[in-house]
Amino acid sequence: MSDFVKVNRDGDVAVVIIDNPPVNALSFHVREPLMQALVELRDDSSVAAIVIACAGRTFVAGADITEFGKPVQQPDLRAIVATLEAIAKPTIAAIHGTALGGGLELALGCHFRVADADAKLGLPEVKLGLLPGGGGTVRLPRLVGAVKALGVIVSGVPIAATEAHAAGLVDAVFEGDLTAHAVNFGREIARKGGPFTPVRDRDDDLRQTDLAAFDATAADLAKKARGLEAPIACALSVRNAVTLPFDAALAAERALFVKLVASDQSRAQRHLFFAEREAAKLPAKDIVKRRISRVGVIGAGTMGGGIAMAFANGGYPVTLLETNREALQRGLGTIDKNYAVSVSRGSLTEDAKRQRLAQFKGSTDYADLADCDLIVEAVFEDMAVKKEVFGRLEAVARPGAILATNTSYLDINEIAGSTSRPQDVLGLHFFSPANVMKLLEIVRADKTAPDALATVVDLARRIGKVAVVVGVCHGFVGNRMLAARGSESEALLLEGATPRQIDQAFTDFGWPMGPFQMGDLAGLDIGWRNRKARGQTAVIADTLCEQGRFGQKTGKGFYLYENGSRTPVPDPEVKALIRDKASEKGIAPRAISAEEIIERTLYPLINEGAKILEEGIAARASDIDVVWVNGYGFPVGKGGPLFWAGLEGAARIVERLDHWHQRTGKDVFRVAPLLERMAETGSWEAEA
Ligand code: 3HC
Ligand code: NAI
């Protein structure tokens, strides 16, 4: 009946098939024929039961996100679900792949849900800064209870079919031909006869909700929201499902959805959704990728160990190489310990731990890297050491093996130039801890071959990383912009702000932690060494390092960490040091507002981002946002530095940067027109 919705008949059971690749989103061109089909089947007396199934790789994965922010074309999802729910004959959703968001809400409009054993069901709207707006917050609690629904909706994390079955969301789980099973299920149910109770009327579980326990759980979740509105709205809406009549709760859910969908936070999170997918695309689609069966990692320190785990977790066997047996054993021991922590937290089974560990082969002999298709070095940050390692690799690596460096700052063109196969050399800049952090900056050097690049972009997705391709420069995208932020933090200290005050301004903005807490955690010595190598200084941080205050690892940094505690405590000695250094420079302390702290640290960072774009080091403004959100904890609700710059307004930023230029002499004028042009063309936002 339409290209996107077809109806097949299997005797007296009608099967409605939605076919809207790639993920069967509920676009207007689906909703219109779907509504029409449901009305016709409702009124067709020869139909005893209706199955809703999907073609392709998945059940409906949600509303069509590209339609948000545009006028709603009727019928909307709520109208479809209301029509579906009012049908007197049994309706069954046959779920394979992922039933997400509006997809699950459609399924909740059916009397029954059956699922393929591998299916996943969830309401991930919160990750787009939304709440389920098609009745999900009101219907899901009626099937699984309010507390379980709260967890599913506020986390946005899908659950497996078996868990959904145990919770009462799914009525049967099948292996094999799901549509055939669903048809049999429908026929059998219809034969037994009704009445068939719609989900809206199944509120027995809800009446038993312990509201005090619910509120306690919701309060815990609210604490973790870090200024995001959507998780709070989700919790409120599930509570409404308990305390209000169905229709009133549904209306309240709608009102919250309408408010959120127009909010800057949701716009920011939708921007990030498309930005991440855009970043992973390469201009040339038809490149034949290289085969990666085994990965080699050189150096089993902080990064090498984490990188090796990232590949093992993604299912790749890893050869881990160190300089001697002792260092190797230490590295492998840390990996073992990290997996043990996952087991003790319940996120990994003993069996899975054993399987992961079985992926590792330790070695101290470069010849053992001969069968690796990708080799990532994570040795000391020193050009001479890196070149020596690449020299040894050349002798053993098989032709066509990709040779990658995890360097934070060094010139990858120079490393590539020291080998006879620069086409195989690129940067894979993981973030610490590499087995946890999502971001992977993939650094394209001048001579990197397109197929080598395409291979690692694809590989990144396979190991669950968010990849961004960047060009060679000091610190690439992320660390280069971080340096721009750092220089102003010191200036603010000298002018009168305290580390605590600056960190507080950052956490109030939505960062997980401020720059000084972050520095103490990562180790202040890293930046110190880097500054020394570049002939730069940071008067406070350098002095702290000279005093052996490297941060948490030495119990003292910008803060005190007493008796191994990780809680930062302001230190009067640091305060005195800052005041001494300020008076040496003749700077009188003054009161500094949180607004000034944010503008003076983040506008120069945006300025650096604009320069990076101008130089072509990043291909898109949205790529920079992906780097900052996934690698440095930039608040998702602000969409990344360049999306946020769009919200702040180019005129305001340019005006403030002008002051900054006058004070520091740093170059901003070149980027001002770029910022203004980006604002005019709307290129702050990733295209849907
Ligand atoms: N709307 C529009 N486009 C969507 C979409 C959606 N809901 N979900 C995915 N797409 C697009 C992607 O942008 C991508 O397009 P591209 O190829 O042009 O880049 C394409 O579909 C494939 O997506 P992925 O690359 O993400 O494919 P994967 O196989 O890796 O993942 C998925 C599939 C798990 C379904 C993942 O796409 C996903 O999580 N999608 C979003 C699910 C979601 O958030 N649903 C809720 C939407 S909001 C809602 O329903 C509101 C309602 O309550 C009213
Ligand atoms: P680390 O000091 O913890 O580990 C380096 C390891 O390399 C040591 O175990 C050492 O024994 C080994 N090693 C040194 N020379 C070797 C050689 N020739 N062959 C084999 N092994 C050798 O250092 P870390 O922090 O892991 O850094 C490694 C690299 O990763 C550096 O280039 C660094 O800039 C980069 N990086 C570090 C990040 C961090 O947060 N620590 C983040 C991102 C990148």
Side-chain angles (χ1 to χ4, degrees), residues 20-27 57-68 72 76-78 81 97-106 120 122-137 153 156 158 253-254 257 260-261 266 269-270 273-274 276-278 280-281 297-307 320-324 326-328 330-331 334 363-364 366 376-383 385-386 388-390 392-393 405-410 427-434 437 441 461 476 478-479 521-523 526 529-530 631 686-688:
N20 184 29
V23 298
N24 289 315
L26 283 177
S27 319
R57 65 195 212 214
T58 178
F59 192 76
V60 174
D64 184 337
I65 305 170
T66 62
E67 291 181 359
F68 292 158
V72 180
D76 66 3
L77 171 62
R78 293 175 333 127
V81 174
T98 44
L100 298 178
L104 181 55
E105 291 173 306
L106 179 72
K120 290 206 159 65
L123 293 170
E125 284 88 342
V126 71
K127 295 184 179 168
L128 299 170
L130 297 170
L131 83 166
T137 63
I153 294 171
E253 177 195 84
R254 183 66 192 164
F257 182 86
L260 286 180
V261 85
S266 176
Q269 289 180 260
R270 274 142 45 199
F273 177 86
F274 290 112
E276 283 178 15
R277 281 154 183 83
E278 203 55 39
K281 283 183 190 147
V297 177
I298 308 181
T302 310
M303 291 309 290
I307 294 168
L320 185 58
L321 188 105
E322 257 295 347
T323 40
N324 56 58
E326 199 191 339
L328 180 63
R330 202 172 335 118
T334 306
S363 171
T364 54
Y366 273 74
V376 189
E377 72 73 20
V379 303
F380 303 133
E381 183 77 348
D382 179 312
M383 184 55 96
V385 181
K386 302 273 190 208
E388 194 221 314
V389 167
F390 273 79
R392 298 184 72 170
L393 278 184
T405 168
N406 183 49
T407 178
S408 305
Y409 296 98
L410 298 174
L428 287 182
H429 186 215
F430 287 83
F431 287 70
S432 182
M437 293 295 287
E441 275 184 329
R461 193 180 50 78
F476 316 117
N479 283 344
L521 179 70
I526 297 177
R529 239 180 286 127
N530 185 36
E687 290 296 320

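One-based numbering, in listed order, for ligands and for the atoms of each. Remember, predicted model here, so these are calculated numbers, not experimental data.
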Answer with side chain, backbone, both or neither: which part of [X] has a heavy atom less than 4.0 angstrom from an atom of ligand 1?
X: K127; value: neither
X: L123; value: neither
X: A63; value: both
X: A61; value: both

**Report entry** Contact check, side chains of L321 and E377, non-hydrogen atoms, under 4.5 Å
**Finding:**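 Result no, sub-4.5 Å side-chain heavy-atom pair not found.
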What is the distance from atom [atom1] of [X] to atom [atom2] of [Y], rounded to the nearest 0.5 Å?
X: K386; Y: N406; atom1: NZ; atom2: CG; result: 6.5 Å
X: L100; Y: K120; atom1: CG; atom2: NZ; result: 10.0 Å
X: F273; Y: T66; atom1: CZ; atom2: OG1; result: 10.0 Å

Which heavy atom of the protein is the closest neighbour of [atom], given with residue, atom name and distance?
atom: atom 1 (N) of ligand 1; answer: I65 N, 2.9 Å
atom: atom 53 (O) of ligand 1; answer: E125 OE2, 2.5 Å
atom: atom 4 (O) of ligand 2; answer: G301 CA, 3.3 Å
atom: atom 12 (C) of ligand 2; answer: E322 OE2, 3.3 Å
atom: atom 25 (O) of ligand 2; answer: T302 CB, 3.8 Å
atom: atom 30 (O) of ligand 2; answer: N406 ND2, 2.9 Å
atom: atom 36 (N) of ligand 2; answer: S408 OG, 3.2 Å
atom: atom 37 (C) of ligand 2; answer: M303 CG, 3.2 Å
atom: atom 9 (C) of ligand 1; answer: V23 CG2, 3.5 Å
atom: atom 17 (C) of ligand 2; answer: T323 CG2, 3.6 Å
atom: atom 20 (C) of ligand 2; answer: I298 CG2, 3.4 Å
atom: atom 34 (C) of ligand 1; answer: L100 CD1, 4.0 Å

Which is closest to [atom] by heavy-atom distance: [options]?
atom: atom 24 (P) of ligand 1; options: R277, K120, E278, E276; value: R277
atom: atom 46 (C) of ligand 1; options: G101, G133, G136, A25; value: G101
atom: atom 20 (C) of ligand 1; options: P132, P22, A99; value: P22
atom: atom 44 (O) of ligand 1; options: N20, D76, L128; value: L128
atom: atom 22 (C) of ligand 2; options: V297, V379, N479; value: V379
atom: atom 50 (O) of ligand 1; options: G122, G134, G102, P158; value: G102

Under 4.0 Å from a heavy atom of [X]: which atoms of ligand 1 are those, numbered in the order shown and with their elements?
X: F68; answer: 48 (S), 51 (C)
X: K281; answer: 16 (P), 18 (O), 19 (O)
X: D64; answer: 1 (N), 2 (C)
X: G62; answer: 45 (N), 50 (O)
X: R57; answer: 22 (C), 27 (O), 28 (P), 29 (O)
X: P124; answer: 43 (C), 44 (O), 45 (N)
X: F273; answer: 8 (N), 9 (C), 13 (O), 40 (N), 41 (C)

Report the part of [X] (side chain from C-beta onward, or backbone N, CA, C, O) that has a heavy atom under 4.0 Å from ligand 2; answer both or neither where that applies.
X: F430; answer: backbone
X: V389; answer: side chain
X: R330; answer: neither

Any protein heavy atom at under 4.0 Å, with [atom] as the reference point?
atom: atom 32 (C) of ligand 1; value: no
atom: atom 3 (N) of ligand 1; value: no
atom: atom 7 (N) of ligand 1; value: yes
atom: atom 40 (O) of ligand 2; value: yes

Query raised in the report: Would you say H429 contacts ligand 2, with heavy atoms under 4.0 Å as the rule?
Result: yes
Query raised in the report: Any non-hydrogen atom of K386 lying under 4.0 Å from ligand 2?
Result: yes
Requested in this report: Tell me, please: is R461 in heavy-atom contact with ligand 1, that is, under 4.0 Å?
Outcome: no
Requested in this report: Give yes or no for whether the N/O distance cutoff of 3.5 Å, strictly under, is met between F274 and ligand 1.
Outcome: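 Looking only at distances, the answer is no, because the N/O contact criterion of under 3.5 Å is not met.
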Requested in this report: Could you say whether the N/O atoms of E105 and ligand 1 ever approach to under 3.5 Å?
Outcome: yes
Report task. Assess whether side-chain contact (heavy atoms from CB on, under 4.5 Å) is satisfied between H429 and T407, documenting all intermediate values. Result -> CA-CA 6 Å; H429 186 215; T407 178; over 6 Å; no
